Number of protein chains: 2
Amino acid sequence: MTLADHCYDLIRSDIVTGVLPPGQPLKMDALKVRYGAGFSPLREALNRLQADRLVDLASSRGFRVSSISLEEMWDVIQTRILIETDAIRKSIQYGDDRWEIDVVSSLHALSLQSQRLNELDRPATNEEILSLEKRHSAFHKALIASCQSQWLLSFAEKLYVETERYRFPILTDRKLNKKRNLNDEHTRLANAVTSRDADGAAALIEAHLLKTGETLENNFEIIFPDQNQLAAG
Amino acid sequence: MTLADHCYDLIRSDIVTGVLPPGQPLKMDALKVRYGAGFSPLREALNRLQADRLVDLASSRGFRVSSISLEEMWDVIQTRILIETDAIRKSIQYGDDRWEIDVVSSLHALSLQSQRLNELDRPATNEEILSLEKRHSAFHKALIASCQSQWLLSFAEKLYVETERYRFPILTDRKLNKKRNLNDEHTRLANAVTSRDADGAAALIEAHLLKTGETLENNFEIIFPDQNQLAAG
DNA sequence: AAATGAAAAATTTTCGAAAATCCGTATCGA
DNA sequence: TCGATACGGATTTTCGAAAATTTTTCATTT
C-alpha cells in the first residue's frame, strides 16, 4: 500500500467519524502535519475523496470537507434504495453457497459485537464502535456481494460511506438512546436471503433504509446544529 | 482551471475516443511528454480517472487504461437503465418550464448536427463527430437534469462516459454503416418529456439503452478484436 | 464612509530531483 | 534443470522548493 492509499483511508475515516466536520477547509500545511505526508500523496488522496463526494475542490482555492444537509441525506437514502434493492435481487439470483455462508457469518459477527456492546455497563469506547461499524459495513456488503455488477457495487459502497457520515456521530453520542433493534431487521434480511426470497429481501432493504433515514433525520439537529442548508452558502 | 483539471479532461477524452486503448499501460514519462505537464497534475488526474473506473491503479505498479469487455458493457447498460429510468421519472416530476425548454433545445441542437453529418458526401471529420457526441451527451444530460438528485446525476455521468468508450469508435469507423435512426428515438423521448409521460419516457429510455447495447455488441468484435475478457488476464 | 487598487501575506499548485519499489536478467547452489 | 537470490536498470512514488494564485491589509481617492 502506498502512502497515498494510507492518507486516503485516514482522511476518509476522519470525515466519516466527524473528526473533520462538514464544511471544514483542508489546508495543505495542516494536513501535512496531521497525516505526516508530503503534498503529493495528500493531494492524490483528496482527489479520490472528491470523486467520492466527501470533499469539495474549488480551483486554486483548495479542498474542504463537503457539506451535509437533510436534503442530501434523503437523496443518499433514496438512491441507496434504488441501487441496493436491485443489487440484492441480482445477488439472490446469482449467489452460490459461498455467498450464503458469507451472509450468515457476517450477520453473526455483527450480532456478536452488537450484543457485547449492549451488555456493557459503561459507554462503549470509540474503538469498540469502530469495530461494530466495520462489521455492519461488512454485512451490508455481503448481502449484495454476488450481484455480478461492479458498477452497482462501487455505487453502493460510496453511498454507504456517505450515510455513515450521518450515522456514526449518533452511535458515539452517549446521551442518545438507541432503542431501535437493528439485529431483528438484519436477521430478517439474512433469512430472506437464505430462502432466496428476492421480493422479500428487496422490501426489507427498502424498509430498513427508510427507517434509517428517519433515525438520521430525528437526530440530525441534535448532532449537527446549524449544519442544514450549508450547501447554499 | 488548473493543469490537473486540464490533464483530466485530455486523458479522459483520449480514453473515450480510443487514442489510449483499453489495457494500455500509462507510463509517467510518456504522459509527461504527451500532455506537457509534471508528475503532480498528471497523478491527480489519474487518481480521479481511477474513481471513474477509466483507469486501473496497481500499487507501485502504475496506471493503465481499464479493460473493456462485452460483459462489462452490459453491466454499464443495465445499470444505466436502472439509474436513468428513475432519474427521468423524477426529472419529469420536478422539472419546470426552463427544463422542458432545455430538453427541446438540446434535441434540436443534436438533430441539426446529426442531419448535417448525414447529408455529407464525404466521411465526417473527427471534429464533426466530437461535436455530435457533445450534443448527444448534452441531450441525455438534459433529460434527467431536473431529477433533484446529485447522486443520480453523478452516477449517470460516469456510466454515460463509460458507454461512449464502446460507442465512439463505431461512430468514427467509416466502414460501418449506421442505419439506426437515433433522431426518431430521441424525438419520441423529448415528446414523452414535454407531455409529462413518466411511464412512457422510462420505457423509451430503457428501449433506447437496450438497443444501444445491442448495437455495441454487434460491433464489438469488429472494433475491438481480442479485447473481450481482457479483464481476466 | 465607501470604493478602488496596490502591496504583502497566506495558500495552492506545479516542478524535477531523490528515494523507494518493481521487474527482468544473470548467477549460484542443489 | 530447476529454484532461489542478488544485481542493475526501469519505473513509480514521495518530497520540499519554487511558481502561481488567491486573500488580506491598508493607504488613497471619490
Side-chain angles (χ1 to χ4, degrees), chain A residues 1-15 19-68 154 230-233, chain B residues 1-15 19-68 154 230-233:
Chain A
M1 217 178 54
T2 66
L3 242 182
D5 294 333
H6 194 230
C7 289
Y8 173 80
D9 288 343
L10 290 177
I11 301 175
R12 189 170 98 150
S13 170
D14 281 345
I15 292 174
V19 172
L20 295 173
Q24 168 114 171
L26 299 168
K27 304 215 178 131
M28 295 310 297
D29 284 320
L31 296 178
K32 242 174 106 165
V33 173
R34 186 177 219 296
Y35 300 104
F39 291 124
S40 308
L42 282 170
R43 289 188 63 86
E44 288 185 32
L46 290 167
N47 273 283
R48 290 184 213 171
L49 290 164
Q50 187 206 12
D52 294 339
R53 312 186 107 247
L54 291 174
V55 312
D56 288 340
L57 165 55
S59 255
S60 286
R61 231 166 292 177
F63 299 87
R64 64 174 52 218
V65 179
S66 65
S67 59
I68 60 176
S154 80
L230 206 99
Chain B
M1 215 178 55
T2 66
L3 242 181
D5 294 333
H6 194 230
C7 289
Y8 173 81
D9 288 343
L10 290 177
I11 301 175
R12 189 170 99 150
S13 169
D14 281 346
I15 292 174
V19 172
L20 295 172
Q24 169 114 168
L26 299 169
K27 305 217 177 127
M28 295 310 297
D29 284 320
L31 296 178
K32 241 174 107 165
V33 173
R34 187 176 218 296
Y35 299 103
F39 292 124
S40 307
L42 283 169
R43 290 186 63 85
E44 288 185 32
L46 290 167
N47 272 282
R48 291 185 213 172
L49 290 163
Q50 187 206 11
D52 295 339
R53 312 185 108 248
L54 291 175
V55 312
D56 288 342
L57 165 55
S59 255
S60 287
R61 232 167 292 176
F63 299 88
R64 64 173 53 218
V65 180
S66 65
S67 60
I68 59 175
S154 80
L230 206 98

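These numbers come from a predicted model, not from an experiment. First the proteins, then the strands, lettered A, B, ... as listed; each starts at 1.
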Of all heavy-atom pairs between [X] and [Y], which one has the smallest distance, and what is that distance?
X       : Y       : value
A/Arg53 : A/Ser66 : O-OG, 2.9 Å
B/Val55 : B/Ile15 : CG1-CD1, 3.7 Å
B/Pro41 : B/Ala37 : CG-CB, 4.0 Å
A/Met1  : A/Asp5  : CG-CB, 3.3 Å
B/Gly23 : B/Arg64 : O-NH1, 3.1 Å
B/Val65 : B/Pro22 : CG1-CA, 3.8 Å

| task | Start with the C-alpha distance between A/Asp52 and A/Tyr8, add both sets of side-chain angles, then the distance that settles side-chain hydrogen bond (donor to acceptor under 3.5 Å, both in side chains), and finish with yes or no. | result | CA-CA 11 Å; A/Asp52 294 339; A/Tyr8 173 80; 2.4 Å; yes
| request: Tell me what A/Leu26 touches on the nucleic acid: a base, only sugar-phosphate, or nothing, going by heavy atoms under 4.0 Å. | output: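 Since only primed, P, OP1 and OP2 atoms lie under 4.0 Å of A/Leu26, the category is sugar-phosphate.
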| query | Of all nucleotides in DNA chain D with an atom under 4.0 Å from a non-hydrogen atom of chain B, which is the first and which the last going 5' to 3'? | reply |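 Span of nucleotides near chain B: D/dT11 to D/dT14.
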| said: Need to verify one output field. Residue with the more 5' nearest nucleotide on DNA chain D, A/Lys32 or B/Ala58? | reply: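 By nearest-heavy-atom nucleotide position, the 5'-most residue is B/Ala58.
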| query | Can you tell me how far NZ of A/Lys32 sits from CE of A/Met28, rounded to the nearest 0.5 angstrom? | reply |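 Result: 8.5 Å between the selected atoms.
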| Partner of A/Cys7 by side chain to side chain contact (heavy atoms under 4.5 Å, CB included), out of A/Leu42, A/Thr2, A/Leu31, A/Leu49 |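 With A/Cys7 as partner, A/Leu42, A/Thr2, A/Leu31, A/Leu49 yield a single side chain to side chain contact (heavy atoms under 4.5 Å, CB included), made by A/Leu42.
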For nucleotides 23-25 of chain C, list the nitrogen or oxygen atoms of the protein found under 3.5 Å from its nitrogen or oxygen atoms, one pair per line.
unit_1 : atom_1 : unit_2  : atom_2 : d
C/dC23 : OP1    : B/Arg61 : NE     : 3.3

| request: Assess whether side-chain contact (heavy atoms from CB on, under 4.5 Å) is satisfied between B/Gln24 and B/Asp14, documenting all intermediate values. | output: CA-CA 12 Å; B/Gln24 169 114 168; B/Asp14 281 346; over 6 Å; no
| task | Output the residues of residues 42-51 of chain A in contact with DNA chain C, where contact means a heavy atom of the residue under 4.0 Å from an atom of the strand; sort by number or write none. | result |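 When residues 42-51 of chain A is checked for heavy atoms under 4.0 Å from DNA chain C, the hits, listed by number, are A/Arg43.
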| task | Give the rounded distance in Å between these two atoms: CZ of B/Phe39 and P of C/dA19. | result |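 Distance check: B/Phe39 CZ to C/dA19 P gives 15 Å.
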